[in-house]
Amino acid sequence: MQYGTNVHSLPFTSSRFLSLLLLFILTFLLFPFTSSAQAVVFSHGGGFYADTFCLSMRIDFVPQLTVSPLTIHYTLNGAEPTECDPEYREPLPMTAECYSRSNLYRVQDVPDERWFTPEKVEHIIVVRAAAFDSAGYRRSMVTTQAYLIDSLMGRRISLPVVSLCTDSLGLFDYDTGLFVPGYCFDPENPYNTGNYFQKGRHWERAAAFAYYDPSGGELEQDCGLRVHGNSQRVLVQKGMSLYARKEYGNNRFCYPFFKDYKQERFRRLVLRPWSTSWTGAGMEDWLCQHLAEPLRCDHLATRPVVLFLNGEYWGVYFLEEKADEHYIEEHYQIPDQEIDLLAYWGQEVENGHVARWDSLYNWLQQADLSRNEDYHHLASQIDIESLIDYMLLQVLVLNDDWPVNNVRFWSTTRHPWRWIFFDGDGTLVPFPSSIAVLDHMTYNMPRKSTRTSLQSTLLFRRLLANRQFLERTMERLKEIVTSHFSYETTAPLLNDIVEQLRTEVPYQRDRFAKPSSIASWEAAVSGIDDFLRVEPQNTVEEYARYFGLSQPDGEGFQIAGNGVRLDEPTSMAHTFFVYDICGRKVGESILPSGNQTAPLPTLSRGVYFVKQMENGTIQKWIID
């Protein structure tokens with residue numbers, strides 16, 4: 001006999017609907033949402049202005065259930081506003097009084113011996129605002145704008161400007177800060193530890209990103225911010241990665257950042273700091289990426305910008321594509337889940353799996369590529385033409401930080417392996433010559449080296465056994481040098497970037513002491529110019545001699561015992577510089593006019609390179 005009814009078995013009735021509606025309203029009143037469709041609207045958009053103005057704000061209402069009057073609260077230091085921040089009551093005069101007073105540039109973000117802080121830094125005005133109800137709950141998204149006002153700054157910045165605004169604790173707090181040594185720092189290992197060496201989503205911070213071009217055009221959106229780079233993370237001027245995600249509002253940066261570049265959608269971007277340049281010229285990677293444009297290897301779009309962090313001047317950076325799976329996805333229209341992206345010759349998996357590369361690498365260890373059968377099998381697995389251009393590019397720019405480092409390559413089950421050129425900071429310095437790079441890429445010694453290894457050279461060593469590959473590479477080298485790397489082609493590229501950077505160099509120097517002086521920057525630029533005039537053609541001759549593809553031209557010199565010897569007495573004096581295997585100049589010798597021989601300096605056992613400065617000819621010198 002049934003004496004009652006189980007309420008859970010009742011059908012859905014109007015009374016139950018009313019009960020649920022009442023419960024929803026009570027929940028809304030007791031636990032309000034932290035955001036809504038309302039937004040704070042500014043009277044002036046961010047960007048460049050000639051003079052000061054007054055900034056007005058208003059709440060843009062969208063019809064919805066409103067539980068209390070709303071007020072606007074704002075910040076001027078880059079932090080997200082809270083109900084405790086100043087309330088907007090009347091238009092704000094955009095004057096120097098609105099500059100952030102946080103002085104983030106004074107926070108020490110590196111070990112003591114690397115620390116540099118300027119006396120003051122340049123500022124722009126950053127305003128962040130949101131609507132709050134009477135209970136202190138935020139009822140809108142945060143609106144962020146950055147203002148570059150010529151009359152306040154005393155100049156108009158000629159480069160595009162990137163503004164990043166984020167909670168300063170997320171960057172400089174001991175426990176959570178991305179930019180500081182912090183609790184992850186080990187004083188026994190100061191250059192490999194610290195918060196800034198941490199990776200992963202846990203070490204990503206929300207930031208408001210804005211891009212302003214002086215010639216017009218802008219992009220403003222929220223994004224994720226992480227520290228970028230490897231050993232350079234210990235520099236005062238940090239590299240940064242920017243992540244577009246749906247949770248921040250947009251999963252792409254949709255803007256034509258790069259002139260004459262077909263790609264206008266980017267999932268990730270990188271801000272490469274000037275300070276990573278090995279010479280202080282600041283431009284090596286930019287120049288290398290532009291030299292790579294006509295070649296058949298993957299490379300990255302890049303352009304110089306000026307960065308302001310929470311309104312403070314943070315120096316010259318290069319906005320660049322990020323060499324990750326999303327770069328491949330956007331350029332080749334391949335779903336990222338199909339991509340195997342590896343680094344350090346398979347020692348690190350950036351995306352996908354390493355199994356197919358391991359299988360190929362294990363086969364290479366036993367392969368004989370002088371056999372057509374083996375060579376054709378490898379050509380079915382690797383894009384040989386792309387690899388040739390990638391390899392020759394590294395040799396032509398004399399990349400002293402390769403092949404162990406700065407290696408990323410990718411494939412899918414339908415695409416052969418291809419390599420991405422990135423990080424040209426250690427390039428375009430003629431010490432000692434392409435012979436050193438060729439030695440690095442053909443290295444077959446068991447001892448350890450910071451520049452090369454048996455694993456990083458296996459592919460090249462196996463390929464060099466194939467005469468067809470060697471001759472095709474030599475032919476392609478001559479093609480590149482006579483066209484893309486001719487001085488008539490490269491000099492305008494160098495002049496272009498020099499003119500873009502020139503007016504900003506003093507501000508970069510004052511902020512980070514890199515370059516150390518204007519004179520040192522000009523000397524570094526002059527060195528790159530000399531490199532572009534001479535080294536590419538020298539590389540052709542050295543490459544041919546190194547692999548026995550030509551005979552010496554008779555205009556060089558020979559090393560006999562502990563001295564140099566010319567074929568005939570010279571009518572002019574000649575200078576010979578001696579470099580060690582790391583590219584350091586360790587001695588020199590002068591051969592007077594009328595002589596055929598001159599002694600070389602006394603040095604310890606090892607491998608050295610002797611360079612005749614008048615014509616760039618180089619010989620390897622081994623002291624037993």
Side-chain angles (χ1 to χ4, degrees), residues 42-53 55 78 94 122-128 143-165 207-223 225 240-242 244 248-250 252-274 282-283 285-287 289-290 293 300-322 330 493 495-505 507-508 511:
F42 291 3
S43 60
H44 294 69
F48 293 88
Y49 288 85
D51 211 344
T52 58
F53 56 88
L55 178 69
M94 293 288 95
E122 198 171 35
H123 284 76
I124 62 175
I125 298 174
V126 292
V127 185
R128 309 192 75 184
T143 300
T144 306
Q145 298 290 353
Y147 301 102
L148 299 99
I149 301 175
D150 299 349
S151 61
L152 296 183
M153 301 177 70
R155 67 177 182 126
R156 166 62 65 96
I157 297 175
S158 58
L159 292 174
V161 168
V162 170
S163 170
L164 289 175
C165 291
F209 167 87
Y211 176 91
Y212 303 114
D213 194 317
S215 60
E218 62 184 49
L219 177 68
E220 297 165 339
Q221 68 181 69
D222 290 345
C223 68
L225 170 66
M240 306 174 207
S241 293
L242 307 177
Y248 298 125
N250 296 286
R252 297 288 193 283
F253 297 97
C254 297
Y255 187 85
F257 295 108
F258 310 107
K259 183 180 179 181
D260 301 326
Y261 197 63
K262 64 179 181 179
Q263 198 67 28
E264 297 183 0
R265 292 161 50 88
F266 309 92
R267 291 278 293 273
R268 309 285 188 264
L269 292 169
V270 168
L271 286 166
R272 292 181 58 83
W274 174 301
M283 65 187 68
D285 181 69
W286 182 96
L287 192 54
Q289 297 296 350
H290 283 72
E293 282 183 5
L300 310 175
T302 182
R303 72 168 305 162
V305 298
V306 171
L307 176 65
F308 285 86
L309 183 61
N310 284 4
E312 298 183 21
Y313 182 82
W314 225 255
V316 177
Y317 281 75
F318 289 83
L319 184 68
E320 187 171 276
E321 293 178 279
K322 187 175 178 68
E330 297 292 350
L493 283 175
N495 293 336
D496 177 28
I497 188 61
V498 167
E499 291 310 308
Q500 289 188 59
L501 297 178
R502 188 180 299 280
T503 58
E504 206 60 39
V505 175
Y507 298 91
Q508 165 70 27
R511 176 63 181 86

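Just so we're clear, the structure is a prediction, and the values are computed from it rather than from any experiment.
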Does [Y] offer a backbone N or O that forms a donor-acceptor pair with the side chain of [X] under 3.5 Å?
| X | Y | value |
| --- | --- | --- |
| Gln145 | Val127 | no |
| Asn250 | Arg252 | no |
| Arg128 | Gly78 | yes |

Do [X] and [Y] come close enough that some side-chain heavy atom pair is under 4.5 Å?
| X | Y | result |
| --- | --- | --- |
| Ser241 | Leu269 | no |
| Val305 | Val161 | no |
| Leu164 | Asn310 | no |
| Tyr49 | Asp150 | no |
| Trp274 | Glu504 | no |
| Val126 | Thr144 | no |
| Asp285 | Glu320 | yes |
| Leu319 | Leu271 | yes |

If you take all heavy atoms of [X] and [Y], which pair is closest and at what distance?
| X | Y | result |
| --- | --- | --- |
| Pro304 | Leu501 | CB-CD2, 3.9 Å |
| Gln508 | Gly315 | OE1-CA, 3.4 Å |
| Ser158 | Thr503 | OG-OG1, 3.4 Å |
| Phe318 | Met283 | CZ-CA, 4.3 Å |
| Arg156 | Ala50 | NH2-N, 4.3 Å |
| Arg267 | Glu330 | CG-OE2, 3.6 Å |

Worked verdict on Ile497 versus His290 for side chain to side chain contact (heavy atoms under 4.5 Å, CB included): CA-CA 10 Å; Ile497 188 61; His290 283 72; over 6 Å; no
Let me confirm one number: the [atom1]-[atom2] distance from [X] to [Y], rounded to the nearest 0.5 Å.
| X | Y | atom1 | atom2 | answer |
| --- | --- | --- | --- | --- |
| His123 | Leu152 | NE2 | CG | 12.0 Å |
| Arg272 | Leu300 | CZ | CG | 8.5 Å |
| Glu220 | Thr143 | CD | OG1 | 10.0 Å |
| Ile149 | Thr52 | CD1 | OG1 | 6.5 Å |
| Ile157 | Phe48 | CD1 | CZ | 6.0 Å |
| Ser163 | Glu218 | OG | CD | 11.5 Å |

Aromatic ring proximity, centroids under 6.0 angstrom, Phe266 and Phe258: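 Ring centroids of Phe258 and Phe266 are less than 6.0 Å from each other.
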Close aromatic pair by centroid cut-off 6.0 Å: Phe209 and Phe253: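 Ring-ring flag for Phe209/Phe253: true, centres closer than 6.0 Å.
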Cation-pi check, Arg155 onto Tyr507 ring (under 6.0 Å, within 45° of axis):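 Relative to the ring axis of Tyr507, which defines the angle, Arg155 lies inside both limits.
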cation_pi(Arg303, Trp286) dist<6.0 Å, angle<=45: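 Because its charged atom misses either the 6.0 Å distance or the 45° angle limit, Arg303 does not stack over Trp286.
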Gln500 side chain to Asp496 side chain, donor-acceptor N/O pair below 3.5 angstrom: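 Per modelled atom types, Gln500 and Asp496 side chains form a pair under 3.5 Å.
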Any residue meeting ring pair (Phe, Tyr, Trp, His ring centres under 6.0 Å) with Tyr313, in chain and number order, not counting sequence neighbours: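 With neighbours one apart ignored, the set is Phe308.
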Those residues that, when tested against Tyr211, pass ring pair (Phe, Tyr, Trp, His ring centres under 6.0 Å) (two or more places apart):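 Per chain and number, Tyr211 pairs via ring pair (Phe, Tyr, Trp, His ring centres under 6.0 Å) with Tyr255, Phe257.
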Leu55/Tyr147 under side chain to side chain contact (heavy atoms under 4.5 Å, CB included): CA gap, chis, key distance, verdict: CA-CA 11 Å; Leu55 178 69; Tyr147 301 102; 3.4 Å; yes
side-chain hydrogen bond (donor to acceptor under 3.5 Å, both in side chains) assessment of Tyr261 paired with Glu321: CA-CA 12 Å; Tyr261 197 63; Glu321 293 178 279; 2.6 Å; yes
Full working for ring-ring contact (aromatic ring centres under 6.0 Å, His included) between Phe53 and His44: CA-CA 9 Å; Phe53 56 88; His44 294 69; 4.1 Å; yes
